[in-house]
Each structure stands twice: as structure tokens, then as C-alpha cells.
Amino acid sequence: MTSCIPADPPLQEQDLCTDCAMCCDGTMFAYVNVMPHEVSALSADFAIREEGGEPNFPQPCRYSVDRKCNIYARRPFTCRSYRCKTLTELRKALIAPDEAKRRVDETLAARKAVSVLLQPGETLPLARKRRNAISAGSAPSVADLRFMLALTALDLLVDRYFRAEGETMFSRKAAGADEA
């Protein structure tokens with residue numbers, strides 16, 4: 001019988017992941033789905049919640065520290081099996097390693113530009129909610145406009161280089177539409 005657990009990616013991909021970690025820090029997703037059979041085992045480590053019949057935990061992941069997973073050996077199946085668009089293209093030799101690194105560096109620079117505009121304690125999923133609230137209001141301030149433009153620029157890069165088809169800045173999982 002073969003295992004359902006994906007093998008660890010090649011070292012080149014692992015290096016790219018530890019340079020990036022945007023799938024763990026709230027840059028790409030507001031939450032991570034959990035397989036139903038993992039819920040009891042993961043409940044001690046994660047604040048598992050049930051939304052729309054799907055168990056998940058919120059991002060950013062508290063176990064992602066300095067872009068490294070502190071529970072790598074026992075991370076959830078979703079984390080084990082996830083490959084962003086850039087990793088997939090790198091694995092298929094559709095892009096060169098230098099292009100993959102360039103994408104990560106460009107997107108991390110955009111994330112840094114957003115981070116200085118976040119409110120104290122605000123995560124990127126919460127920032128997306130704030131962007132939605134500002135856009136629903138009238139006459140945003142210049143500071144609000146700067147924030148919205150920087151966050152949208154980041155999300156466009158993430159959509160272009162990292163999120164899978166159908167996972168855009170406006171998708172439920174990315175935007176945290178069901179987040180409190």
C-alpha cells in the first residue's frame with residue numbers, strides 16, 4: 001500500500017519555500033482547510049473552527065517563524081501537499097530558478113510596502129477586510145488610498161505568481177470573506 005502523504009519537495013523547492021512562506025503568513029490565504037480526519041490530532045496545535053462544513057484554522061500560522069515551519073514533521077496534509085503556482089512552474093521547468101526567486105523577491109518587497117501601512121496588530125487577512133470597508137465608504141483619505149493601492153498591488157502579484165487558478169484576491173479563502 002502506498003502512502004497518501006506527498007514526499008518532501010526537492011531541495012531547490014524547499015529553499016524557495018523558506019525564502020517565501022507567503023502561504024503560511026496570511027499573504028496568500030486567510031485560512032487553511034484541514035482534512036476532517038486530522039481535526040482531533042491538530043486541535044492541540046491549532047484553533048480549528050468549522051465554517052461551511054469545512055474545518056480550518058486562521059492565517060497567519062503561528063508555527064511559521066522566520067519563514068520556517070516549527071512543526072514541519074507534523075504539519076497538516078494541506079500544508080504538505082500545497083504547491084503554489086511558482087513552485088509548480090519551477091517543477092515543470094516552465095520557469096528558471098532565477099525567475100522563481102525574482103518573483104518571490106518582488107512580492108516580498110510589495111508585502112513589506114504594505115506592512116508599514118498596517119494598523120497595530122493587523123494581519124493581511126484583516127487588512128483585506130479593512131480595504132473592503134474603505135472601498136464601501138465614501139471619500140477615503142489619502143492614507144487610506146495609499147494603503148488600498150499597496151495592498152491591491154501586493155494581491156495582484158500574489159494572484160499572478162502564487163495563487164492557483166480561481167484563487168484570487170477576491171476569493172473567499174484569500175480574502176477571508178467568512179473571517180470574524
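On a predicted model such as this, the values are computed, not experimentally measured, just so you know.
Taking OH from Y161 and CG from L156, the interatomic distance works out to 11.0 Å, rounded to the nearest 0.5 Å. Remark: R75 CZ to D45 CG distance equals 13.5 Å, nearest 0.5 Å. In this structure, CZ on R111 lies 12.5 Å from CE on M28, to the nearest 0.5 angstrom. Between R163 atom CZ and T86 atom OG1 the span is 12.5 Å, to the nearest 0.5 Å. Note: C20 SG to F162 CZ = 5.0 Å, rounded to the nearest 0.5 Å.
Inter-residue side-chain proximity for F77 and L42 is flagged as unmet; no heavy-atom pair is nearer than 4.5 Å. Between P76 and F46, the closest side-chain pair of non-hydrogen atoms falls below 4.5 Å. The shortest distance between side-chain heavy atoms of N70 and R62 does not fall below 4.5 Å. The side-chain heavy atoms of T107 and L154, taken from C-beta on, include a pair separated by under 4.5 Å. Looking at heavy atoms from C-beta onward, V32 lies out of side-chain contact with C61 at the 4.5 angstrom threshold. Residues N56 and E50 fail the side-chain proximity criterion, which asks for heavy atoms closer than 4.5 Å.
By the 4.0 Å N-to-carboxylate-O rule, K101 lies close enough to D105 to be salt-bridged with it. A salt bridge is absent between E106 and R103: the closest approach of a Lys/Arg side-chain nitrogen to an acidic carboxylate oxygen does not fall below 4.0 angstrom. Salt-bridge check for D155 with R131: passed, with a basic side-chain N closer than 4.0 Å to an acidic carboxylate O. Using a cut-off of 4.0 Å between Lys/Arg side-chain N and Asp/Glu carboxylate O, R67 and D25 are scored as not salt-bridged.
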Would you sort out whether T78 and V34 count as a side chain to side chain contact (heavy atoms under 4.5 Å, CB included), showing the intermediate values?
-> CA-CA 6 Å; T78 300; V34 174; 5.8 Å; no
Please lay out, stage by stage, how L108 and M22 fare under the test side chain to side chain contact (heavy atoms under 4.5 Å, CB included).
-> CA-CA 8 Å; L108 288 176; M22 288 184 282; 4.0 Å; yes
Check the pair R83 / T88 against side-chain hydrogen bond (donor to acceptor under 3.5 Å, both in side chains), numbers first and verdict last.
-> CA-CA 6 Å; R83 302 295 181 271; T88 301; over 6 Å; no
So F147 and L149, side chain to side chain contact (heavy atoms under 4.5 Å, CB included) or not? Walk me through it.
-> CA-CA 6 Å; F147 160 74; L149 287 171; over 6 Å; no
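Between the S135 side chain and the N132 main chain, a donor and an acceptor come within less than 3.5 Å of each other. Checking side-chain atoms of D66 against main-chain N and O of K68 turns up no donor-acceptor pair under 3.5 Å. Checked by atom type and distance alone, the side chain of E38 pairs as donor or acceptor with a backbone atom of M35 at under 3.5 Å. Between the Q59 side chain and the T27 main chain, no donor and acceptor come within less than 3.5 Å of each other.
Residue L118 comes nearest to R130 through the heavy atom pair CA-NH2, 3.9 Å, listed as atom of the first residue, atom of the second, then distance. Of all heavy-atom pairs spanning P55 and I48, the tightest one is CB-CG2, 4.0 Å. In terms of heavy atoms, G26 sits closest to P125 at O-CD, 3.7 Å. Smallest separation of non-hydrogen atoms from A96 and L90: C-CD1, 3.9 Å. Contact between A47 and P58 at its shortest, heavy atoms only, is O-CD, 3.7 Å. Counting all heavy atoms, side chain and backbone alike, A150 lies closest to L117 at CB-CD1, 3.7 Å.
Ring to ring, Y63 and Y72 are not that close: their centroids are 6.0 angstrom or more apart. Ring pair Y82/F29: centre-to-centre distance below 6.0 Å.
There is a path of hydrophobic side-chain contacts, each under 4.5 Å, that joins L151 to V116.
Residue R102 qualifies as enclosed at atom CZ: its count of foreign heavy atoms under 6.0 Å is above 12.
A cation-pi arrangement is not found for R49 relative to F57, the charged atom failing to lie both closer than 6.0 Å to the ring centre and inside a 45° cone about the ring normal.
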